[in-house]
S.K.: 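Just passing along the structure, written as structure tokens.
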Amino acid sequence: MNITILCVGQVKEKFYRDAIAEYSKRLSRYGRLHIIEVADEKTKENASSAEIEAVLRKEGERIIKHIRENDYCITLEIEGKTLDSVALSNHLQHLGVMGQSNIVFVIGGSLGLDESIKKRSDLALSFSAMTFPHQLMRVILLEQIYRSFRIMNNEPYHK
């Protein structure tokens, strides 16, 4: 299975980069992992709704270039569907059984995702009604993907 994490912005903090590297290494035994970062757009402090839409549109244009027609796209959205770890594992396993081997997870920037990306999404997934820094969300997502593969393979994992 090919998993791509497509995200807006870079991870600057070393402790996040270390965690991402650790989960990337762990996931390598289950398939290919690609992490693609697209540039985030600078946003004024008190941006108008039109300026916010323009930022989201520009980031959306950068994101969509990396999603192929045959990719199964999962966007991370506060308004998305919540799944527990077993349900996410079952969903990913079902995709594999159905022959879907390219899965792209999309993490937006600080303003979220453009509507064009939300429309392209095959599954809008929410990890919580809370807002997390997108750097931390990358670590949480990688951990849950790793947990999913452990569950799929009936391997022990801390509960």
S.K.: Applying side-chain hydrogen bond (donor to acceptor under 3.5 Å, both in side chains), name anything that partners K14, two or more places apart in sequence or on another chain.
M.R.: D18

S.K.: Just jot down the salt bridge (charged side-chain N to carboxylate O under 4.0 Å, His left out) partners of E69, sequence neighbours excluded, or say none.
M.R.: none

S.K.: Using a 4.5 Å cut-off on heavy atoms from C-beta on, say whether the side chain of I5 contacts that of I145.
M.R.: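 When only atoms from C-beta onward are counted, I5 and I145 do touch, with a gap below 4.5 Å.
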
S.K.: Looking at G108 and L113, what are the two nearest heavy atoms and their distance?
M.R.: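 Distance-wise, the nearest heavy atoms are CA-CD2, 3.4 Å.
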
S.K.: Return a table of donor-acceptor pairs under 3.5 angstrom between the side chains of residues 129-140 and protein atoms on other chains or two or more places apart.
M.R.:
{"unit_1": "R138", "atom_1": "NH1", "unit_2": "E37", "atom_2": "OE2", "d": "2.7"}
{"unit_1": "R138", "atom_1": "NH2", "unit_2": "G9", "atom_2": "O", "d": "3.1"}

S.K.: Answer yes or no: are there more than 12 heavy-atom neighbours, outside K58 itself, under 6.0 Å from its atom NZ?
M.R.: no

S.K.: Can you tell me how far the CD1 atom of I117 sits from the CZ atom of R62, to the nearest 0.5 Å?
M.R.: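 Atom-to-atom, I117:CD1 and R62:CZ are 12.0 Å apart.
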
S.K.: Under the side-chain contact (heavy atoms from CB on, under 4.5 Å) test, which residues partner E61, sequence neighbours left out?
M.R.: R57

S.K.: Are the side chains of Y30 and M152 in touch, meaning some heavy atoms are under 4.5 Å apart?
M.R.: no

S.K.: Just jot down the side-chain hydrogen bond (donor to acceptor under 3.5 Å, both in side chains) partners of T75, sequence neighbours excluded, or say none.
M.R.: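 Only E77, S121 meet the side-chain hydrogen bond (donor to acceptor under 3.5 Å, both in side chains) criterion with T75.
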
S.K.: Quick check: do F105 and I107 have side-chain heavy atoms less than 4.5 Å from each other?
M.R.: no

S.K.: Can you run down the salt bridge (Lys or Arg N to Asp or Glu O under 4.0 Å) pairs that involve residues 120-135, sequence neighbours left out, and say none if there aren't any?
M.R.: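 Output for this query lists R120-D122.
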
S.K.: Tell me, do E79 and S126 make a side-chain contact under 4.5 Å, heavy atoms counted?
M.R.: no

S.K.: Sequence neighbours left out, what passes side-chain hydrogen bond (donor to acceptor under 3.5 Å, both in side chains) with D40? Give chain and number order.
M.R.: none

S.K.: Check R147 against S85 and note the closest heavy-atom contact, atom names and distance.
M.R.: CD-OG, 3.4 Å

S.K.: Does some side-chain heavy atom of D71 sit less than 4.5 Å from a side-chain heavy atom of T4?
M.R.: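 Sidechains of D71 and T4: no contact.
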
S.K.: Kindly write out the residues that satisfy side-chain contact (heavy atoms from CB on, under 4.5 Å) with A87, not counting sequence neighbours, or none if the list is empty.
M.R.: L83, D84

S.K.: When rounded to the nearest 0.5 angstrom, what is the spacing between CD1 in I74 and CG in L92?
M.R.: 5.5 Å

S.K.: Determine whether K25 and E22 satisfy the following criterion, salt bridge (Lys or Arg N to Asp or Glu O under 4.0 Å), listing intermediate values before the conclusion.
M.R.: CA-CA 5 Å; K25 183 178 89 177; E22 177 62 28; 3.8 Å; yes

S.K.: If the condition is side-chain hydrogen bond (donor to acceptor under 3.5 Å, both in side chains), which residues does N153 pass it with, not counting sequence neighbours?
M.R.: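 So N153 forms no side-chain hydrogen bond (donor to acceptor under 3.5 Å, both in side chains) with any residue.
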
S.K.: Any non-hydrogen side-chain atom of Y23 less than 4.5 Å from a side-chain atom of L33?
M.R.: no

S.K.: State whether the side chain of S148 and the backbone N or O of Q144 hold a donor-acceptor pair below 3.5 Å, judged by distance alone.
M.R.: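 Yes, the answer is positive, given that a donor and an acceptor are paired below the 3.5 Å cut-off.
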
S.K.: Do V106 and I63 come close enough that some side-chain heavy atom pair is under 4.5 Å?
M.R.: yes

S.K.: Show the atom names and distances, to 0.1 Å, of all donor-acceptor pairs under 3.5 Å that link a side chain in residues 93-100 to residues at least two apart or in another chain.
M.R.:
{"unit_1": "Q100", "atom_1": "OE1", "unit_2": "N102", "atom_2": "N", "d": "3.3"}
{"unit_1": "Q100", "atom_1": "NE2", "unit_2": "N70", "atom_2": "O", "d": "3.3"}

S.K.: According to side-chain hydrogen bond (donor to acceptor under 3.5 Å, both in side chains), does anything in residues 105-117 pair up with another residue at least two apart or in another chain? List the pairs.
M.R.: D114-S116

S.K.: Should V104 and H66 count as side-chain neighbours, where that means a heavy-atom distance under 4.5 Å?
M.R.: no

S.K.: List in chain and number order the residues that pass side-chain contact (heavy atoms from CB on, under 4.5 Å) with R32, two or more places apart in sequence or in another chain; answer none if no residue qualifies.
M.R.: N2, H34

